[in-house]
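See below for the structure under consideration.
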2 protein chains.
Amino acid sequence: MQQKNASQRKPPASPVPARKAGRGAPPADWAQAELRPLPGLAYGVLDELLGYALRRAQNALYLHFQRSVDRADVSPQRFAALVLVAQNPGLRQGLLAEAMGLHRSGGMRLVDWLCEQGWVARADDPQDRRSWTVHPTPEGLALLDRVTAQVRAHDSALLAALGDEGPHLRRLLDRLAVAATGLTPPSSTDPVPAPE
Amino acid sequence: MQQKNASQRKPPASPVPARKAGRGAPPADWAQAELRPLPGLAYGVLDELLGYALRRAQNALYLHFQRSVDRADVSPQRFAALVLVAQNPGLRQGLLAEAMGLHRSGGMRLVDWLCEQGWVARADDPQDRRSWTVHPTPEGLALLDRVTAQVRAHDSALLAALGDEGPHLRRLLDRLAVAATGLTPPSSTDPVPAPE
DNA sequence: TATTGTTATACTCTATAACTATA
DNA sequence: TATAGTTATAGAGTATAACAATA
């Protein structure tokens, strides 16, 4: 069995300069995870599946979001968290995590990060001394205003590209989410092994 | 500034049993990253954004996919890779990576994993001795048949839940992906700092 | 006893950089 | 010099497990 270059390799002598992975200037090597259908390839079932179309769309939308927001470290998730805090000042940290589909520990890191940015602050929960409540700061609200404008522009540009069918799309997506959440997994060809 | 439990903590004496994070049985602590809208919360802009609806739908679909396929380690991505190899036997490893929006190195790990499962095999590229070509094995094709049936069932159950508007959705998603990929980032309220 | 937040840890995914062989 | 694959490593994201304080 022939192996390409696994003949002999040297350990990387120097312990690697540890370049910051920041978004300063793309190293020209790698062109942004595009996931667009390649012309010469056959995609088989993938072209029929709702799930794959959804994945493509989400990928493209994510990249577009990144390009639209001028703070590279504000991901869609962080943006959503900030919106939720601003809209529901004083919500418990755990509730925020739940709303975002995160484990408690992940929610904590998220709130930690927002606190470090100075965009939210924790305060005691008068009703439960175990809990924190989370509040937006003026800086956080200011930033949210700015980013929201950028996100809105991003979103409505896409909506415009869809013409008059655009509004349908959001409702269809909502219905799809409800269906996928509520539906029992379809018993496909072979029945599940056993209740175990 | 009061801090909840950060008074004094003990280092975890025992170096943690290192339990395998496998999917054997859910520990009953954590209920599957649901991301469904919570009743008491205000979602603000999020409810208007196409991007957030897309995220919700994708999250729900991902969970539904997991429940529908009886091999827990076959993710949507791995499934897609297997389809591409089966549909395009002999494609270069790097082309596969590109099609999946991955860096070369990531593509290699993906192919490594598929090889370990015995589902694909690498062979020399007669036209370029630097390259591998990737081919499906009989076992891979058999597995793909089975999983494809499950995925199709999963997908068409969702499609059915959307009624006659279902077919529209896939086309809208495709158009959305094209729009998001091709569109220049909208110049929002404040002009970008500078060409730098 | 159950729950909230916390912490340390580990796992997954994927990018980066350096390297080899080949073009 | 540029490209394909490989490797080691680093980083982001998030889950697990154990713990303290509180309910």
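For the numbers below, each heavy atom of this structure counts, side chains included, while hydrogens, waters and symmetry mates do not. Keep in mind that what you see is a predicted model, and the values were worked out from it rather than measured. Protein chains get the first letters and strands the later ones, always in sequence-line order, with residue 1 at the start of each.
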Item checked: Separation of atom OH in B/Tyr62 from atom C1' in D/dG13, rounded to whole Å -> 13 Å
Check: Does A/Arg130 make a side-chain donor-acceptor contact with the base of C/dT3, cut-off 3.5 Å?
Finding: yes
Next item on the list: Kindly give the heavy-atom pair with the smallest separation between B/Arg170 and A/Glu48, and that separation in Å.
Entry: NH1-O, 3.3 Å
Notebook entry, point to check: Please give, in whole Å, the distance from C/dT6 C1' to A/Leu110 CG?
Noted result: 15 Å
Check: Picking from D/dG13, D/dT16, D/dT7, which would you name as closest to the side chain of A/His103?
Finding: D/dT16
Note to self: Using a 4.0 Å heavy-atom cut-off, does B/Gly106 contact any base of the nucleic acid, only the sugar-phosphate backbone, or nothing at all?
What the structure shows: nothing
Check: Can you tell me how far P of C/dT7 sits from CZ of A/Arg104, to the nearest Å?
Finding: 14 Å
Next item on the list: Locate the shortest heavy-atom distance separating A/Pro89 from A/His135; write the atom from each residue and the value.
Entry: C-ND1, 4.2 Å
Next item on the list: With heavy atoms under 4.0 Å as the rule, sort A/Arg109 into base, sugar-phosphate or nothing.
Entry: base
Notebook entry, point to check: Is any side-chain nitrogen or oxygen of A/Trp132 closer than 4.0 Å to OP1 or OP2 of C/dT6?
Noted result: yes
Notebook entry, point to check: Taking atom types as modelled, is there a side-chain donor on A/Glu139 or A/Thr137 under 3.5 Å from an acceptor on the other?
Noted result: yes
Next item on the list: In whole angstrom, give the distance that lies between atom CE of A/Met108 and atom C1' of D/dA15.
Entry: 14 Å
Check: What is the ring orientation for B/Tyr52 with B/Tyr43, classed by angle as parallel under 30°, tilted 30 to 60°, or perpendicular over 60°?
Finding: tilted
Checklist line | Integer-rounded Å distance: D/dA4 P and B/Leu102 CG | finding: 16 Å
Check: What's the CZ-P distance between A/Arg129 and C/dG5, to the nearest Å?
Finding: 15 Å
Next item on the list: Using only side-chain N and O atoms of A/Arg78, determine if any of them is under 4.0 Å from OP1 or OP2 of D/dA12.
Entry: no
Check: Counting only distance, no hydrogens or angles, is the base of C/dT22 paired donor-acceptor with the side chain of B/Ser131 under 3.5 Å?
Finding: no
Check: Between D/dA12 and A/Gln77, is there an OP1 or OP2 to side-chain N/O distance shorter than 4.0 Å?
Finding: no
Margin query: Can you confirm whether the side chains of A/His64 and A/Arg67 place a donor and an acceptor under 3.5 Å from each other?
Written below: no
Check: OP1 or OP2 of C/dT6 less than 4.0 angstrom from a side-chain nitrogen or oxygen of A/Arg122, does that happen here?
Finding: yes
Note to self: Please report the distance, rounded to the nearest Å, between CG in A/Leu35 and P in C/dA15.
What the structure shows: 11 Å
Item checked: Rounded interatomic separation in angstrom, taking CG from B/Leu91 and P from D/dA4 -> 14 Å
Check: For DNA chain D, whose closest nucleotide is more 5', that of A/Ser105 or that of B/Ser105?
Finding: B/Ser105
Notebook entry, point to check: Does A/Gln127 or A/Ser75 map to a spot on DNA chain D nearer the 5' end, using the closest nucleotide for each?
Noted result: A/Ser75
